[in-house]
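Here's the structure, in structure tokens; my notes come after.
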Amino acid sequence: MIEKADQIFVILLHWILSFLPAAWQPYVGVFICVATIICVFPALFAIAVLLERKGLGRMQNRFGPNRVGPLGIFQPVADGLKSLTKEDIVPTSADAVVHFLAPVFLVVIVFMGYAVLPMGRNMTLVNMDAGLLFFFAMSASTELSVFMAGWSSRNKYSLLGAMRAVAQMISYEVPLLLSSLVIVMMTGSMNLGRIVDAQNQYSWGLPHWYIFTPWGFAAFLLYAIATTAESNRSPFDLPEGESELVAGYFTEYSGFKFALFFLGEYVGMLSVSGLGTTLFLGGWSAPFSFLGWVPSWIWFFGKVMMSICVFIWLRGTLPRMRQDQLMNFAWKFVLPLSLLNLMVAALWRFMGEGLLRWGVCSAILVVAYVVMARVGMSREQFGPRSYRYAE
Amino acid sequence: MTIVFYLLAAITVAGALAAMLLKNTVHCALALTVAFAGLAIQFLELDAQFAGFAQILVYIGAVAILVVFAILLTRGSETPSEGVFSKTWLAGLAVAAAVFAVLGWAVLNSASALPGETAKPVVSVLEIGNALMDRYVLPLEIVAVLLTSALIGAVIVARHEKGSAK
């Protein structure tokens, strides 16, 4: 029974395929899997948007959407219908072909990343040897679509937003790759399934997730910072800073093309959350060994939604950074720390079992963090704040 | 296999041709990306996963973006009035033909240089990593030093000199 609940989607797929002739089975199987991914994640996108609007509302002492349906839960449906029926405006001076291609390209690329994510036991669409590399190759290609959107609109705000977005994404891609490289070093594989298997072990009922090691914890924090910047979320949402750039690179998009950008942003956020879950939080494995009977896909999607909640919480808490702060933070703080973390992981690997390596590795990381933060802060020369009120 | 190959080859060549012939410089850069993508899928078609994904990551994720940035930051994407063809196109054609001849000669001779390679080799990412860290560590280090010096050089060129106006 437990087995069946765990494998319910796999069993369902095989049951559907058993009605078809053998020659069709591989093609139809792939088609069904892809169609499922393309349906499930936009549904999660709707839930995430609703969560975000209601949660942000609460954090800002207001109600959030509460008119459409009970407690406002049909708000995403209303939003979707509205964006479908709105007029699609293309500016006269815009480059029509590139303007049209940009959102399409973004959504296609963003969905590709899901092909390698293990969403449960035996639930990976393509079990690639270089799965992690594939994921990063796809997420790096989204920059091009951002640029296409900003450039083709022929609008100074769009272009400025695109330039900011691309500069930011290139800068934070380096720490993103370096922080994930630690996991590859320790697992000895780029296959995401094998990375999950390596974490799916328990001692004294506690899991061997990589986040529960000094280097894994540091890498997780660096990964979280870098992915927040990659997905242009607050506090790194300069490319879309409303008070400066109207809406950044998609200022000139309306109707369903705007909705596609919105979808792309959230689906991208869900996919980096999924990758973070796979790399650091044990993927589909249970947090305690006695909870092993809960189906694996519940753990995966639960962890992803938890990460989304953290994204929303960050957005409600932190103010937006300035452009120079953003770049200084990437190149002078996040990048050196992730390079140091590579060294620490190598040290951990060669120190052998024992408590000593825990102490040494944690001490190096904590000391480096404190020293770099102190030095960085002292250079900024923050004095006591002075306020000037209107007189 | 062959149909896929011809389709990909057509897409790649069309992208490269468009990159040369289009009037708008940004369009050229985007067409070049198509050619890069075609090459990447060609690698994947040959079961070279690492090379294919590295091609996408480096060429589409970094080189194409760099090209586009360079176009935007230097002279704008407007079409030059004298047309897109350079005046020295004859010399360019000769250089391109020479490079193509050398490459073609090398490819045609590769069969005799590697005797006994009958079956398609299956290479995992792990093996590539081991080979890079073991047998080919010296070339890897030389490339790393070269790239680092290029990086430092770029920073020095871009840095404002002291005393000069910003």
Side-chain angles (χ1 to χ4, degrees), chain A residues 95-99 101-102 105 108-109 112-113 115-116 126-152 154 158-160 162-171 173-174 176-177 181 184-185 187-191 194 230 331, chain B residues 18 22-34 36-37 39-41 43-44 47-74 76-79 122-130 132-133 147-148 151 154-155 158:
Chain A
D95 196 311
V97 180
V98 183
H99 190 265
L101 279 179
F105 184 68
V108 170
I109 289 292
M112 298 272 267
V116 289
V126 193
N127 199 3
M128 266 184 223
D129 193 28
L132 191 65
L133 197 66
F134 173 79
F135 192 94
F136 284 130
M138 288 303 129
S139 72
S141 311
T142 53
E143 285 161 23
L144 204 64
S145 120
V146 167
F147 169 78
M148 281 160 73
W151 175 78
S152 65
R154 290 256 171 167
S158 300
L159 193 58
L160 276 174
M163 299 279 269
R164 279 186 180 188
V166 173
Q168 173 178 332
M169 286 163 109
I170 287 182
S171 308
E173 206 168 86
V174 184
L176 179 70
L177 288 171
L181 199 60
V184 179
M185 268 170 74
T187 318
S189 173
M190 280 194 178
N191 183 325
R194 284 193 48 196
E230 281 277 304
W331 294 103
Chain B
L22 284 178
K23 290 252 162 67
N24 191 320
T25 337
V26 173
H27 285 173
C28 295
L30 293 177
L32 191 65
T33 331
V34 175
F36 287 154
L39 269 184
I41 303 172
F43 281 132
L44 292 182
D47 274 346
Q49 272 191 11
F50 187 82
F53 297 146
Q55 167 93 10
I56 296 178
L57 189 65
V58 174
Y59 279 86
I60 299 180
V63 172
I65 295 287
L66 209 67
V67 168
V68 154
F69 245 65
I71 293 169
L72 278 187
L73 290 179
T74 49
S77 55
E78 271 71 44
T79 314
V122 182
V123 183
S124 72
V125 181
L126 189 69
E127 286 167 41
I128 295 177
N130 281 336
L132 277 180
M133 283 293 135
L147 286 177
T148 312
L151 199 69
V155 170

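What you see is a predicted model; the values in this text were computed from it and never measured. Letters A, B, ... are given to chains in the order of the sequence lines, protein chains preceding strands, and every chain is numbered from 1.
The part of A:I170 that comes within reach of chain B is its side chain, from C-beta onward, which places non-hydrogen atoms under 4.5 angstrom from that chain. At a 4.5 Å heavy-atom cutoff, A:N191 makes no contact with chain B through either its backbone or its side chain. In this structure, the portion of A:F147 lying under 4.5 Å from any heavy atom of chain B is its side chain and not its backbone. Looking at A:L159, the atoms closer than 4.5 Å to chain B (heavy atoms on both sides) all sit in the side chain, from C-beta outward.
Annotation: the span from A:M128 atom CE to B:L44 atom CG amounts to 7.5 Å, rounded to 0.5 Å. Once rounded to the nearest 0.5 Å, the distance linking CD1 of A:I109 with CD1 of B:I56 reads 7.5 Å. If you take CH2 on A:W151 and CG on B:L30, they are separated by 7.0 Å, rounding to the nearest 0.5 Å.
Between A:A137 and B:F53, the closest heavy-atom pair is CB-O, 3.7 Å. The minimum heavy-atom distance linking A:A140 with B:L57 is given by the pair CB-CD1, 3.8 Å. Among all heavy-atom pairs drawn from A:G188 and B:L126, the shortest one is O-CD1, 3.4 Å.
A:M148 has its side chain out of reach of B:V26: every pair of non-hydrogen atoms, C-beta onward, lies at least 4.5 Å apart. Proximity of A:V98 to B:H27: side-chain heavy atoms (C-beta onward) are separated by under 4.5 Å at one or more points.
Counting non-hydrogen atoms of other residues, nucleotides and ligands closer than 6.0 Å to OH of B:Y59 gives a total of 12 or fewer.
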